[in-house]
Structure formats: structure tokens, C-alpha cells
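Letters A, B, ... mirror the listed sequences (proteins, then strands); counts begin at 1.
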Amino acid sequence: MKASNFHLFTTRETPAEAEIASHQLMLRCGMIRKLTSGIYTWTPLGLRVLRKVENIVRDELNKAGYQEMLMPAVQPAELWKETERWEKFGAQLLKIQDRAGRDYCFGPTHEEVMTDFVRNEIRSYKQLPITFYQIQTKFRDEIRPRFGVMRSREFLMKDAYSFHIDHESLDETYWEMYDVYTRIFSRTGLRFRSVEADSGAIGGHKSHEFHVLADSGEDQIAFSDESDYASNVELTAIAMPEGDPAAPAQDMRLVDTPQAHTIDELVSAYDVPVEKTVKTLIVHAADEAEAKFVALLVRGDRTLNPVKAEKLEQVASPLTFASDAEIRDSIGAGPGSLGPVGLPLPVIADQEVVLMSDFTAGANSDDKHYFGINWKRDVEVPVTADLRTAVEGDDSPDGKGVLQMARGIEVGHIFQLGTAYSKAMNAVVLGEDGRSHVMHMGCYGIGVSRIVAAAIEQNNDERGICWPEPIAPFQLALLPMNAKKSHRVREAADSLYGELLEAGVEVLYDDRNLRPGVMFNDMELIGIPHRIVVGERGLDNGVLEYRYRTDSENGEIPLDGAVQAILKKLAGATG
RNA sequence: CGGGGUGUAGCGCAGCCUGGUAGCGCAACUGCUUUGGGAGCAGUGGGUCGGGAGUUCGAAUCUCUCCACCCCGACCA
């Protein structure tokens, strides 16, 4: 590709709306343009990258024997009413009407359409298992789109769905897909990790997420330093602590603590070790029969894990904290002075809390705390649960090693859906036994457009993007120095360009006749991995200059046999 | 949806407080010079000052209202 014939429009300044590196760089090098909030145009440059990612995904899925299809972006409301998601999906579902007033939505996902397709096409267990996929533009009316295509409303997603006669078959395909995903992400050249995940509102049994590792990632993932255990920290279980509480060494006493309304204040003003404090959080109860609220206890230095809390049957979903007024109303004290002693609410304690002794907590009376509290003696031992968020250094839940933390960007998610959708939509096949069986389903997503942003987030420096070779928009940049004046340079560059094209190299030939600095900066900004410079200097010595994007020094390639040498460089970096 | 903020040329911004008919840098266009890390000189084009209403002789500037966008939070692949 000649640069004179390719739409390149880079800017030196960063648009004010972009916060994170990937968004800023995508705008600066002109890969995307915003049309309106959360909706972007992909330019020729951006599209080249998007297609690279897409093709890797497609190629690996095809190799695994899954079949590509293309479903409609606009879907009738009837299908969504069958699964009750027309109401349940919430405001993220973009609803539209046609001229006759019929209801549709712009598809945020395709379980309904796919299940409808399969229930009409598949009749017999002999046709199972079967897996279809598509690469489609989806729309979710995000509350707050941000970070460019990282969290946009319209986005490109690969979604696959598998259908099975029973759970064993689903499980088999699930793990097969896990391996396919591993191959896909390996091929993109990105550093990634798969983790156990919360299956969330979609429901189902088993679920894994695939994360591109990047310090700016929104998700925190925990992994063992000795085994391959890894999970989203939302889900990371805490191993049950061993032992019994120490025998009481102190009497319980009521202390005036006007300076302490937070754990930090309690620790600093009254010289209490933070491990000897208990935090009391009041949330709405699931069933208000017993009480309107439930108290959750965690050690003072711990963080409540909202995902774990929400899964408790006693706790309302979604998790809702009681307001200050509600707390005062039901307990008679403010949120800074709460504790388990004399609390008129059901209590659930984190499992380590019941092993504490001689601890401090609020007295449910303003500006007062109890010191030296001991379970059983001073207050009934509460129900326990795993409530806190794991931190670095915790024992790995599989018993091997301790947990490390990393940040990641979720780019893939696989679920075992089971029969949730097939049952609601009556997707059945005849089994070997001659009876109808509800099909078991798996669903598997990859955020194609998000991968592009995640790749940049993981691979950039002060000069711009540093694409991993497999998803770079071009493999090689060919830069002639002052070709307008130097016929030698132009002829050498022209002929090299021809030979590289012939050899199948994706080369961007910068024939724009710009000053060298502009060319260097542009090519580095858009992140082309390999760079060849043709200049008088080099030609005098019979060489071309070569530099990899992340190198700090130039290398040389002899003019003689240059194409072969370049091909070797490209192959070398690809691995 | 709650809280905060911003809308002035393609991008980044000043002007607004104190009303007098719009400016700077970058980008773009023309010409000449220049060519190994975002060149220099000279010139040119480009603005319903987010929309509407009001106050005023006069509004980018003051008032009201609507809209869009951004940030924080709750929510989420």
C-alpha cells in the first residue's frame, strides 16, 4: 500500500475526550472516529486491525469444526418475550418500532435468535452436538459508554452457541472451546490469562473469562503462584481459616469513642490493632419477613465482596446498602457506631470473624464502641459465610501456593447455559429413547473490537502503539529519505516496494514526500512493527536501515538480497 | 438515574467576570526555499460562538429554557 493512496490522518494533539492510552492513540492515529456517544466509525487503518483480529478468531473456530453464519441485528420482540428478557434485560436493550408499531430490539446478544433457529432446524439427537457462530455488530445501550471502543454501545462481537443432548456433551464442547480460545488469544500475540468467573445474570453453571493483561484493566484477577488456579477476584473463594478463637483475655467494656466513626479513626485514635476490629455493614434483606435488613460482618481491614454477598439467600439481589436514615431508624445509631452486640437484626459474619477474640466493634449507640468482645460469652456466634474480597498473599483456594493479583481487560467469556433458554423456548430434539429432550446449551463470546483497544492498552509507549505482529495494520513501513531529490533513493525504494509486494509482505510505502521526522513519527504512532529506511547514506554503503518498533538502535540489511533478509526478520518476530 | 463540568474554525484553547459584531497555536490550501526525528518565509480559505426565547440601541458575553458531549458514582460483556 502506498501512503499517498491510503487515508492516513494523524494528529499531534490528543482530543480532550479521551482518558486512557488506547482511546487517545486510536483517535490520534485515526483508527476510529466518534459519530456520537459510544458509537464509532472504523477508518481504513482501524479496520485493518479489526479484520486481523476477526480473521484469527474465525480461522481457529473453523479449524475446530464450528460453522459460521450471520444472524440479523434487528430482532422481533416476540422472541425476547418468550424468555422474558424483553423486560428483564433492562434499559440496555435498545427497543425500536417499525412503521406499523411492531416492537423490535437491536440485538445486544443472540441467544433467542439462535435458539429459535436451532429449534426449527435440528430434530434429532443424531445431529448433535452442533456449534454455530457469527461475528456481528451488537448494540447495548450502556448507562455510561467510555474509553472509546473499550466500552462502546455498538461493538463487534463473535458469539458462538453450542447445542447438546445432555450435560456431558456440553461439558465436553465447553472444554474444547476453552482450548480454542486459548489458541485464539495465543495467536493474537497478547499476554492473557483465563480465569474462573461469575456467571452473573446470564445464569448457568460454569464460566470462564479470558483477560488481556494490562495495568489499566478494569478487572482484578487473582492467580496462584504455584498452581494454575486463576479467578476473577469477584469470585475468588477464601480458604476456610483453621482453628478456634483464642480464649478471652479481656472483659468486654463500653467505651466512649466520639472520635471514631470509621475503622481508620478507631485504629488511630484508640490504638486498636486493625485485625482486632470488626466492620458492620447493613444491607437490604431478600425476604423481609424476619427483618428488613441483614448485618454483614467483616474484619476491619477487609473489603466486603459484593458479588459473594449478593449470592447469599438472606440478602436482596441486587445488593443494596441501607441508607443512613434506614440504619438509624432500625438500630437507633449511625453507621459509624454499629456492631454485633445487641444488634436487633439477623447477622452473617465472614468466616474469619468468628475466630476473632477480644475484638472491638460499635455498640449500636452513637459515639460508643465495645472493646474486648468475645463470641459466645458476650454475643451469640453468628451464621458465617465467605464474605470478603481476596487480597494478594491469601492462600490459594486450591490449597497450592498463595494468590498474586493482576489487572485485566475481559475480552472473552464462555458459559455453560444449560437449559435456561432452550426450556423457555421449547428447543427440543428426539433422543435415542424416542422421547423429547430439552437441549443443553453453551454460549461463548469474544469482544472483537474490545480486543483492539486492549491490545493497545497492553502495548504502547511514549511514541505510540507497539502492535503485536499478528494484528498490526501493516507488517512493514518503507520510508525513503528525500526521494523527491534523490533519484537513487526513489528508484531503490520503488523497486524494493515492488519486490516486497511480490513476496506477499504487507508493506506501507510512505511515498508522501514528507520530511523524515514526520514519517518516523507517523509510523511509530500507528505502530508498524518493522521499519526499513532507504537513504543516500545507506545506499553509499550498500545497505538499508532496519529497526523494530521497540528497538532503540538501527540495524543494517545489505541491499543485496534485501527481500530475503527482510522476510527472515518478519518470520523471526512472528515466531 | 444522582453529582460535577464543558460546548467558540477539523483538533487544542483564549475571549465571557466588566455587552460594542471573534482571536491564538496546530491542521488545511497556494507559492518559494528546505529535507535523517513533527521545517522556514509569504499569502489564503474556513465560525448559524450548541439550539431557542428574552433583556438591550447592540449579546459569544447577561437571564431563562432545551440539547449534546465529558468526568465521578450506581450498573455492566
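- For A:R490, the salt bridge (Lys or Arg N to Asp or Glu O under 4.0 Å) criterion is met by no residue, not counting sequence neighbours.
- Contact check of residues 35-47 of chain A against RNA chain B (heavy atom, cut-off under 4.0 Å) returns A:T36, A:S37.
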In a table with atom names and distances, give each donor-acceptor pair under 3.5 Å that connects a side chain of residues 477-486 of chain A to protein atoms at least two apart or in another chain.
| from | atom 1 | to | atom 2 | distance (Å) |
| --- | --- | --- | --- | --- |
| A:S486 | OG | A:V489 | N | 3.0 |
| A:S486 | OG | A:E536 | OE2 | 2.5 |

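- Remark: A:T280 pairs with A:V278, A:I282, A:A295, A:L297, A:L338, A:P340, A:L343 by the side-chain contact (heavy atoms from CB on, under 4.5 Å) rule, at least two apart or across chains.
- Ring geometry for A:H530 versus A:Y546: interplanar angle of 30 to 60°, hence tilted.
- A perpendicular orientation is assigned to the rings of A:Y181 and A:F185, their planes being inclined by more than 60° (bins at 30° and 60°).
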Identify each atom pair where a protein N or O and an N or O of nucleotides 28-35 of chain B are less than 3.5 Å apart, giving names and distance.
| from | atom 1 | to | atom 2 | distance (Å) |
| --- | --- | --- | --- | --- |
| B:U34 | O2 | A:R515 | NH1 | 2.7 |
| B:U35 | O2' | A:N482 | ND2 | 3.3 |

Between the protein and nucleotides 12-14 of chain B, list every N/O to N/O distance that falls short of 3.5 Å.
| from | atom 1 | to | atom 2 | distance (Å) |
| --- | --- | --- | --- | --- |
| B:G12 | OP1 | A:A16 | N | 3.0 |

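- Within the 4.5 Å cutoff, side-chain heavy atoms of A:I566 are placed close to those of A:L500.
- In this view, A:Y174 and A:H208 satisfy the ring-ring contact (aromatic ring centres under 6.0 Å, His included) rule, not counting sequence neighbours.
- Between the side chain of A:E524 and the base of B:G37, a donor-acceptor pair under 3.5 Å is found.
- Stacking between A:F520 and the base of B:G36 is absent under the criterion of ring centres within 5.5 Å and planes under 30 degrees.
- Residue A:E19 places its side chain closer to B:C71 than to any other of B:G37, B:C71, B:G38.
- Listed by chain and number, the residues in a side-chain contact (heavy atoms from CB on, under 4.5 Å) with A:N305 are A:V307, A:K308, A:T389 (sequence neighbours excluded).
- For A:E82, the side-chain contact (heavy atoms from CB on, under 4.5 Å) test picks out A:L79, A:R119, A:M425, with sequence neighbours left out.
- Partners of A:E410 according to the salt bridge (Lys or Arg N to Asp or Glu O under 4.0 Å) rule, which considers only residues two or more places apart in sequence or in another chain, do not exist here.
- Residues satisfying the side-chain contact (heavy atoms from CB on, under 4.5 Å) test with A:Q67, not counting sequence neighbours, are A:I130, A:F132.
- In terms of polar N and O atoms assigned as donor or acceptor, the side chain of A:R151 comes within less than 3.5 Å of the base of B:C76 in a complementary pairing.
- Taking atom CZ of A:R146 as the reference point, atom C1' of B:G73 lies 9 Å away to the nearest angstrom.
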Protein-nucleotides 1-7 of chain B N/O pairs under 3.5 Å:
none

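- No N or O donor and acceptor, one from the side chain of A:R28 and one from the base of B:G10, sit under 3.5 Å apart.
- B:G37 atom P lies 15 Å from atom CG of A:D510, rounded to whole Å.
- A salt bridge does not link A:D461 to A:R463: none of the charged nitrogens lies less than 4.0 Å from a carboxylate oxygen.
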